[in-house]
**Q** 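Below is one structure. I have some questions about it.
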Amino acid sequence: MKIKKITLRHMKLDLLSPFVTSFGVEYDKDFILVEAVTEKGITGWAESVAMLDPLYNEETVKTNWHILEDYLIPIILKSDIQHPDEVSEKLFKHIRGNYMAKAAIEGAVWDAYAKETGTSLAKALGGTKEKIEVGVSIGIQESIEATLSVIEARLKEGYKRFKLKIKPGWDVELINKVRHAYPNIPLMADANSAYTLADIDHLAQLDAYNLMMIEQPLAHNDIIDHAELQAQLSTPICLDESIHSFEDARKAIKLGSCKIINIKVGRVGGLTEAKKIHDLCQENEIPLWCGGMLEAGIGRAHNIAITSLPNFVLPGDTAGSALYWKEDIINPEVIAIDGMITVPESPGIGFEPDFHKIEKYTLFMKDYK
Ligand SMILES: O=C(O)CCC(=O)C1=CC=C[C@@H](O)[C@@H]1C(=O)O
Ligand SMILES: [Mg+2]
């Protein structure tokens with residue numbers, strides 16, 4: 001398969017409500033949308049999840065554009081790709097890091113490949129599910145009462161899991177009040193690296209609330225201290241930011257740094273690496289779920305596809321588009337019914353780009369041939 005043209009678009013969508021975490025607030029979402037056209041005229045689509053600012057990791061929209069334009073796109077345009085696995089295993093192997101940039105173009109190649117072979121992306125990846133269970137990620141709210149109102153609304157919509165962002169000063173009292181109000185809901189906390197080992201005793205208080213997991217309590221690049229913390233906590237630790245590759249996952253499992261892993265396709269450099277981590281975790285009985293990066297519809301479509309693999313046994317972040325956007329850039333938009341999303345069976349990502357909406361939210365675009 002040869003890619004004859006790649007178009008990058010700098011997109012900007014306004015979030016319906018600000019998303020507050022321990023490291024900052026997002027009011028809107030800037031991201032790069034990748035469109036790759038094959039010699040047969042088939043178009044593959046993917047999104048980069050790199051943010052405008054280097055707060056989640058070191059990548060940004062600008063660094064991604066540079067790496068895509070100056071390194072990754074020239075490689076893809078001169079390659080004859082027999083299978084998308086080659087992109088990360090061969091073509092990009094010599095380029096260090098820049099996982100979100102790599103994932104964005106590798107995802108577009110996977111979508112085009114699935115379409116050319118007449119397969120859904122889910123099936124092309126080895127997916128087995130017809131529907132996936134999804135939960136919601138609830139940012140830091142104005143008050144605990146406001147958090148309870150959001151939970152009540154999402155519960156009514158049937159979402160299967162409730163992730164609350166925590167940070168020092170917004171943790172034990174919040175979880176205590178939510179657990180008191182909702183004794184049995186599947187509840188988890190995401191700290192986005194807001195704590196250190198000095199907080200072990202404080203974090204151990206969360207063991208009293210039957211949380212599904214505590215996500216990424218310690219440093220974004222740590223697996224050693226998480227192993228020490230996991231030995232002291234009964235609540236499973238889930239790693240997000242710390243896992244960039246199969247090797248990171250292998251070492252974290254070996255050290256006992258976590259009992260659950262959140263896979264984000266962009267964070268690990270693409271769908272091929274995500275599949276490898278999936279298979280490693282399946283062999284080691286480490287349950288997975290698919291994390292979100294506030295994606296628009298194209299990115300959500302990729303998340304739905306990877307979540308169809310069998311070891312994604314916990315509800316992920318891929319909630320319906322309507323929780324994030326006034327309007328999405330795909331048709332149909334992603335709709336969760338009673339916390340379930342149907343995995344598309346049509347070729348590729350299974351959602352059509354809405355060119356009118358894409359044009360409306362494009363700040364800048366450039367073609368590469
Ligand atoms: O897309 C979603 O709904 C999940 C959003 C979410 O929880 C996150 C998005 C981006 C970075 C982080 O703040 C956080 C995460 O760590 O998962
Ligand atoms: Mg997280």
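Numbering of ligands and ligand atoms starts at 1, following listing order. The shown structure was predicted, so the numbers you read here are calculated from the model rather than taken from an experiment. The first residue in the sequence is number 1, and the count goes up from there.
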**Q** What is the minimum heavy-atom distance between Pro84 and Thr272, and which atoms define it?
**A** O-OG1, 4.0 Å

**Q** When you measure from atom 11 (C) of ligand 1 to every protein heavy atom, which one gives the shortest distance, and what is it?
**A** Tyr56 CD1, 3.6 Å

**Q** Can you tell if the side chain of Lys163 reaches within under 4.5 Å of the side chain of Val136, non-hydrogen atoms only?
**A** no

**Q** Please collect all ring pair (Phe, Tyr, Trp, His ring centres under 6.0 Å) contacts where either partner lies in residues 161-189, sequence neighbours excluded, each pair once.
**A** none

**Q** Report the member of Met51, Glu295, Lys165, Met293 with the shortest heavy-atom distance to atom 14 (C) of ligand 1.
**A** Lys165

**Q** Phe19 versus ligand 1: do any nitrogen or oxygen atoms come within less than 3.5 Å of each other?
**A** no

**Q** List the steps and the verdict of ring pair (Phe, Tyr, Trp, His ring centres under 6.0 Å) for His66 and Tyr71.
**A** CA-CA 8 Å; His66 156 52; Tyr71 295 92; 5.8 Å; yes

**Q** Judged by atom type as modelled, is there a donor-acceptor pair below 3.5 Å linking the side chain of Thr307 to the main-chain atoms of Cys290?
**A** no

**Q** Among all protein heavy atoms in this structure, tell me which lies nearest to atom 13 (O) of ligand 1, with the distance rounded to 0.1 Å.
**A** Thr21 CG2, 3.2 Å

**Q** For residues 122-132, pull every pair meeting side-chain hydrogen bond (donor to acceptor under 3.5 Å, both in side chains), keeping only residues two or more places apart or in separate chains.
**A** Lys131-Thr342

**Q** Less than 6.0 angstrom from the centroid, inside 45 degrees of the normal: does Arg300 satisfy that with respect to the ring of Tyr324?
**A** yes

**Q** Would you check whether Glu26 has a nitrogen or oxygen atom less than 3.5 angstrom from a nitrogen or oxygen atom of ligand 1?
**A** no

**Q** Where the closest heavy atom to atom 17 (O) of ligand 1 is concerned, which of Gln216, Lys264, Glu215 has it?
**A** Lys264

**Q** For residues 283-297, pull every pair meeting side-chain hydrogen bond (donor to acceptor under 3.5 Å, both in side chains), keeping only residues two or more places apart or in separate chains.
**A** Glu295-Asn303

**Q** Report yes if some N/O of Asp240 lies less than 3.5 Å from some N/O of ligand 1; otherwise report no.
**A** yes

**Q** Is it the case that the ring center of Trp65 lies less than 6.0 angstrom away from the ring center of Phe31?
**A** no

**Q** For residues Lys165 and Ile138, determine if any side-chain heavy atom of one lies less than 4.5 Å from a side-chain heavy atom of the other.
**A** no

**Q** Which one holds for Asn192 and ligand 1: side chain close, backbone close, both close, or neither close, with close meaning a heavy atom under 4.0 Å?
**A** side chain

**Q** So which heavy atom in the protein is nearest atom 2 (C) of ligand 1, and how far is it from that ligand atom?
**A** Tyr324 OH, 3.4 Å

**Q** Could you tell me whether Leu294 approaches ligand 1 through its side chain, its backbone, both or neither, with non-hydrogen atoms closer than 4.0 Å?
**A** both

**Q** Which residue and non-hydrogen atom of the protein lie closest to atom 7 (O) of ligand 1, and at what distance in Å?
**A** Ser137 OG, 2.9 Å

**Q** Using atom types as modelled and distance alone, determine if a side-chain donor or acceptor of Thr119 lies under 3.5 Å from a backbone N or O of Lys115.
**A** no

**Q** Just to be careful: counting only protein atoms that are N, O or S, how many fall under 2.8 Å of the Mg ion (ligand 2)?
**A** 3

**Q** Quick check against the 3.5 Å criterion: does Glu47 have a side-chain atom that pairs as donor or acceptor with the backbone of Val34?
**A** no

**Q** Can you name the atoms of ligand 1, numbered from 1 with element, that are less than 4.0 Å from a heavy atom of Asp190?
**A** 15 (C), 16 (O), 17 (O)

**Q** Which of the numbered atoms in ligand 1 are under 4.0 angstrom from any heavy atom belonging to Gly292?
**A** 1 (O), 2 (C), 4 (C), 5 (C), 6 (C), 8 (C), 9 (C), 17 (O)

